[in-house]
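A quick write-up on the structure given underneath.
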Amino acid sequence: MQDQEYKDMFKIEALELLSDLEAKLLEMKEGYDDIEQINSTFRILHTIKGTGSMFGFNDISDFAHNLETAFDFVRNKKVNITNDLINLTLTASDHMKTMLDAGDENKADNDFISEEILTALNELVPLIEDSPEKHDTKTAGILKSVSEDASSSDMTYRIRFRPSVDIFTTGTNPLLLLKELRGFGECDIIAHIDRIPLLNEYDHKACYTDWDIILTTKKSLDEVRDIFIFVEDSSEVDIDIIDDGTILDKEPKRDKLGEILLDRGDITAENLVPILQKQDEKQKKIGELLVEQDVVSKSKISSALSEQKHIQKVRKKKSGSVLASSVRVPAEKLDKLVNLVGEMVTVQERLSQLAVYEDIPELTSIAENIENLTDGLRDNTMSIRMVQFGITFTGFKRLVHDLSKDLEKNIVLITDGVETELDKTVIEKLNEPLVHILRNSIDHGIESKETRESAGKSSQGTILLSAEHSGAYVLISVSDDGAGLDPDVIYKKAIEKEIIAPGTEMTPKEILQLIFSPGFSTAKKVTDVSGRGVGMDVVKKSVEALRGSVEIDSDKGKGTTVTLKLPLTLAIIEGFLVEMEGDKFILPLSSVEECVELSQENVDRAQGWDFLNVRGELVPYIRLRKSFDIQSDPPEMEHVVITGVDGQRIGVVVDRVIGSHQTVIKPLGRAMKHSEDVSGATILGDGTVALILNLDKLVKAA
Amino acid sequence: MTEETTVESWQYLSFNLDQEIYALNIIQVKEVLDFTEITKVPKMPDFMRGVINLRGKVVPVVDLRLKFGMPETEKTVDTCIIIIEITLDGESTSLGALADSVREVLTLQPDLIEPPPKIGMRLKTEFIKGMGKKDDEFIIILDVDSVFSDEELVSVQDAEGEMDIVNSEDQPEHIEAV
């Protein structure tokens, strides 16, 4: 039983490694075939081999071993990396996935495929033969990988850069040098301005500033020195290595301020000793004492302090990276945690309400404490669920790579906003719609090489997949530089398919949105890639199920952009509570801009126009009473909640404004899935249900 | 799922709707609640009365009287919400049904249940699983899954329309299958 557990663990790990491998291979294919990529490819294969044999996956281990050998040759420059080799390794990676899934089933078939791949590999990399060197013991392999790690570990430098006073006259801008340094890695820069004279002595052509720079980078000392190559003669440049990845571990005292100052040569040991004695007496910070005694200047202290901080940061990162890689939690546990936090937020709201009602000081303070804690807990839990959008990119790259090969088109996928974070569930559910949109772009959007060339475009098509934050939403867009959509064709097609009545007046943008209607597909022929009877309406449905929306924009001949707008999270939002006829509704707080009053007088003066004058700006408003068919009379004084929907200010008229509310989103249930104006519900402190309004839909319907 | 269909329970929960007695197979009934405040969901058909908070879960409530073309349920001390479990789109989900009052749990042997009469009923025939009889009273046994099927939950029909359909169409196959 336990054996099985380990095997499952290996499977999960191996699948992750394989997808890493895929990513690296695709990067190489794009031309980033530097030694780092090759090294990590080698390392991944090495790990698969090692762990595979540990858990009894001998066939995978043997297979990976052969690939590893091939990449060992590549690494040692005995063979060159070629497109064929990359493609073959991709196939091999797929094959390893199959082997993982199949276990002992279909062993004969898999062995046969393994054999085939290896034969092909042998042709590409003919040097492979069974030399005893390859069967080195496991310890040797581990030692090797350790030494590799050390060579690429982070170096921390202290750079003191004191440009000559006349550096500007040589045409050098020291700030550009600093900028270049920043590009190398994590960098803290402190400017010393002690030398700047009073204004009457100031020469605006002179440079009086000098800098201390603490830099953590993978670059070597020589590479760092190269930056200063042109100013070296005229300026003072001192570069010291503070840490080469091991010094910090050996010297635990390295981050004491006194030590740093000593190391920098700003003070001498004789200065320090009396100060340290005083520090014990006066309980003051050593920095303050040093300045008081006029031993060192203030800016030197602040520079040393920043070095101290930097070192602590580097330390933390080191220990942090060790920890981070070892935590693995099943997704269900996270989901459970989120549910519990959701319940807790609801209960906390109830407690807060009670505290206000009872007006007991102790209870109020407890309620406030609990509120703070729950807020922290909620934010933390939500952030655990946030995943970088980039993790899905590898899969899409592979998709584009494979499909464009099948269709004999030359397409690159460019990605942007890899670090944008989204709720795990949202990312999982996004995969299918995005694959669909990408397939559409590859198949219908981007033209064949010949067509592109005759249209004066580059023969290589480009698809840009990007993600960015926008308020409480994430915008994900897929744009291609293909043929674009023709509104006329879509219009005709829509009439043909009886989606719209003939003669309907529509703007080109409205016409484009018709392709999201059910039963609409403009592809003339059914291909293997798209046109399987599922159209863009499926995309729309699945995005709307995530409480998002989708829009399409296209320039005929220039390309198409599909934009998905998705909420950051599906579990808890900051809401704005309003009341209508005794029923309570929630608006997303992120889209609420302000509230104004609406008296009957105001309405009469507007002569039936649904516009409101807010500080000279005309804001259209919708009446929820009208939208929801509420017959009774509105109160004397109504309130308008002004919201920003898609960059437009729109007022929503309600009876009463209550205030902000932590909203735990609950689905309305399948039976209510047809309600469009309401996107969900939440439970209020008093146990009643409030509905969450779907502003986008409400505004569109009005 | 298979268990539920093969081992059909003979126990039914009976309740009142406007003078008539209806019953549901006990297997589909999860619990019976007192009437609580229902939050109306805008722009839904009238018989969808709204949603309630069932211990932290949001559950929709249907007014069976409106669904069956009777006047709306008035709130009395006896008014109950019967929480039932149905299958929609292949997924099971909870739903509340308003009843004037809940009567009892009774056992009806299959041979005591007759197919519904084809005419003279105010309900669509496919809503009815059969007619039971106890103490000289007729009990209408509902087929929950077809009352709350996907199409039924969106459709807003008036009672007369339904009667016409029932009178003009013969659909005995459905009942035999049960």
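Proteins get letters first, then strands, A, B, ... in listed order; numbering begins at 1 in each.
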Got more than 12 heavy atoms from elsewhere within 6.0 Å of [atom1], [X]?
X	atom1	result
B:Asp136	CG	no
B:Glu37	CD	no
B:Gln109	CD	yes
B:Glu104	CD	yes
A:Glu432	CD	no

Report the distance from atom [atom1] of [X] to atom [atom2] of [Y], rounding to the nearest 0.5 Å.
X	Y	atom1	atom2	result
B:Ile38	A:Asp583	CD1	CG	11.0 Å
A:Leu698	B:Lys43	CG	NZ	6.5 Å
A:Thr688	B:Ile52	OG1	CD1	12.5 Å

Non-hydrogen atoms of B:Thr39 and A:Val689 that approach each other most closely |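 Heavy atoms of B:Thr39 and A:Val689 come nearest at OG1-O, 3.0 Å.
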
Check B:Lys40 against A:Leu691 and note the closest heavy-atom contact, atom names and distance.
->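 Nearest pair, atom of B:Lys40 first, then A:Leu691: O-CD1, 3.2 Å.
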
